[in-house]
Amino acid sequence: MKNSEIFFGKDILSLDQFDKRSIEKVFATAAKIKKTSTKKLLRTLTGKVAGLLFFEPSTRTFSSNSAGFKRLGGQTVEHQNPNVTSSTVKGETIEDTVRMMEQYCDLLVIRHPIKGTLEIAANASSVPVINAGDGIGEHPTQALLDMFTIWEKFKTLTNLKGLMVGDMLNGRTVHSLIRGLSMYPNNTIYLLSPKQLKLSREEFDLYTKRGINLIEIDSIDQIPSDCHFWYWTRVQKERFADKKEYERLKLSFILTKKLVSKKAGKDTLLMHPLPRVGEIETAVDSDPRAVYLTTEARNGMYVRMALFSLILKS
Ligand code: CP
């Protein structure tokens with residue numbers, strides 16, 4: 001999707017589909033929706049139906065997709081746990097489930113625990129499919145909302161210095177966000193994680209070849225003092241075969257009020273895709289730089305509304 005005019009009818013599977021122009025188109029549309037409708041009902045998608053199939057649990061992605069589609073006047077068919085509520089339980093394949101859902105819906109939003117399944121689903125579907133997270137692969141709409149949040153604050157996505165903390169190996173939001181920021185010149189991201197959870201060397205090489213400057217650090221002391229954003233993430237319990245190892249690693253790096261006072265800049269955005277499970281002290285929540293429970297989460301709905309509009313309206 002290297003042209004902003006051709007969102008119509010397209011799948012959204014990876015940040016790699018986008019270029020700067022198509023990202024700007026999403027942002028402009030999201031900003032317009034945000035301005036005209038904080039919680040107002042728009043009616044641009046009246047008569048359309050979206051199918052939401054979430055094979056993994058979700059608070060934000062599911063709810064913001066569902067609310068966003070309804071706020072555009074559309075309706076949704078929802079399977080929050082298809083492994084229990086759909087005929088998946090009887091052995092139906094993802095291809096067949098998708099082929100059925102396309103009979104009833106104009107667009108499908110799917111989350112699945114296995115990387116690559118969204119591509120299979122999109123290939124089987126005649127209606128557009130949006131990747132709402134595929135295992136340790138990608139979470140493109142999360143990256144778009146994160147980039148939108150950074151762009152709203154700094155009015156640019158170039159010359160940024162950011163920090164990402166937590167599970168770089170398994171964190172799909174991180175994978176999509178680095179892909180997105182790699183499209184813009186002169187961005188540097190510091191990556192802080194336990195050594196077991198560093199980016200795979202394959203991914204590290206893939207991203208750095210695109211020109212983004214990735215700097216792996218080992219300790220909180222190495223965090224630079226003047227970042228545009230901190231992007232904290234949780235260690236992804238559901239990806240660990242060895243739960244004892246998860247317990248050992250889960251709270252390796254905690255975002256505390258003390259750390260914010262010591263290392264964050266006056267404008268540093270404090271971000272997290274959520275859910276958090278102990279890696280951000282609740283005392284940080286009231287800091288005006290903390291956007292994870294407010295702007296960042298709310299922007300998810302506007303960005304998803306923008307994508308629905310662009311995909312379904314010619
Ligand atoms: N950020 C995110 O994907 O959150 P959920 O798992 O709650 O959707």
Side-chain angles (χ1 to χ4, degrees), residues 12-15 26 30 50-71 76 78-85 108-115 117-118 121 129-150 152 162 164-181 197 229-240 246 250 255 269-280 282 284-285 290-308:
I12 306 290
L13 301 179
S14 165
L15 248 288
V26 175
L52 310 185
L53 286 167
F54 276 58
F55 292 86
E56 277 190 337
S58 166
T59 301
R60 280 143 294 276
T61 314
F62 183 86
S63 306
S64 59
N65 273 295
S66 177
F69 206 84
K70 287 169 181 143
R71 286 187 190 289
T76 56
E78 305 185 343
H79 283 281
Q80 273 185 276
N81 189 355
N83 285 322
V84 173
T85 64
L108 302 177
V109 182
I110 304 176
R111 169 172 287 188
H112 200 278
I114 301 170
K115 183 179 172 181
T117 304
L118 263 291
V129 171
I130 297 181
N131 178 0
D134 67 325
I136 65 166
E138 279 206 62
H139 193 344
T141 61
Q142 176 72 42
L144 289 169
L145 78 88
D146 290 328
M147 291 165 72
F148 181 70
T149 304
I150 297 167
E152 269 192 324
M164 294 184 180
V165 182
D167 193 341
M168 304 297 120
L169 180 67
N170 301 306
R172 58 194 175 202
T173 70
V174 165
H175 301 159
S176 287
L177 185 53
I178 297 176
R179 280 178 159 86
L181 293 173
L197 300 178
F229 66 88
W230 288 4
Y231 191 82
W232 231 265
T233 67
R234 98 189 140 91
V235 173
Q236 307 269 301
K237 180 182 185 178
E238 61 274 36
R239 311 298 174 210
F240 279 75
Y246 165 73
K250 67 178 181 184
L255 180 54
L269 281 176
L270 304 177
M271 305 175 72
H272 191 307
L274 302 180
R276 64 171 161 187
V277 283
E279 68 279 359
I280 301 184
T282 53
V284 179
D285 299 352
V291 293
Y292 43 86
L293 291 173
T294 54
T295 313
E296 186 182 1
R298 210 168 48 246
N299 280 344
M301 186 170 73
Y302 301 126
V303 166
R304 289 172 178 128
M305 287 169 83
L307 288 170
F308 294 146

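Every number for a ligand or one of its atoms is a count from 1 in the order of the listing. All values below were derived from every heavy atom in this structure, side-chain atoms included, with hydrogens, water molecules and symmetry-related copies excluded.
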* Asked: What part of His139, side chain from CB on, backbone N/CA/C/O, both or neither, has a heavy atom under 4.0 Å from ligand 1?
  -> side chain
* Does Thr61 reach the side chain of His139, with side-chain heavy atoms less than 4.5 Å apart? -> yes
* Can you list the atoms of ligand 1 that are under 4.0 Å from a heavy atom of Thr59? -> 5 (P), 7 (O), 8 (O)
* **Test side chain to side chain donor-acceptor pair (under 3.5 Å) applied to Glu138 and Asn131, step by step** => CA-CA 8 Å; Glu138 279 206 62; Asn131 178 0; over 6 Å; no
* Asked: Leu52 versus Val109: any side-chain heavy-atom pair under 4.5 Å?
  -> yes
* Can you spot which of Arg234, Lys250, His272 makes a side-chain hydrogen bond (donor to acceptor under 3.5 Å, both in side chains) with Glu279? => His272
* Quick one: nearest non-hydrogen protein atom to atom 4 (O) of ligand 1, plus distance? -> Arg60 NE, 3.1 Å
* Asked: Do Glu296 and Arg60 touch side chain to side chain, with heavy atoms closer than 4.5 Å?
  -> no
* With heavy atoms only and a cut-off of under 4.0 Å, state how Arg111 meets ligand 1: side chain, backbone, both or neither. => side chain
* Protein residue, atom and distance nearest to atom 1 (N) of ligand 1, heavy-atom basis -> Pro273 O, 2.8 Å
* Ligand-residue contact atoms, ligand 1 with Thr61, heavy atoms, under 4.0 Å -> 2 (C), 3 (O), 4 (O), 5 (P), 8 (O)
* Leu274, portion touching ligand 1 at heavy-atom distance under 4.0 Å -> backbone
* May I ask you to list the atoms of ligand 1 that are less than 4.0 angstrom from any heavy atom of Gln142? => 1 (N), 2 (C)
* To do: Decide yes or no for Asp167 and Phe240: does some side-chain heavy atom of the first lie under 4.5 Å from some side-chain heavy atom of the second?
  => yes
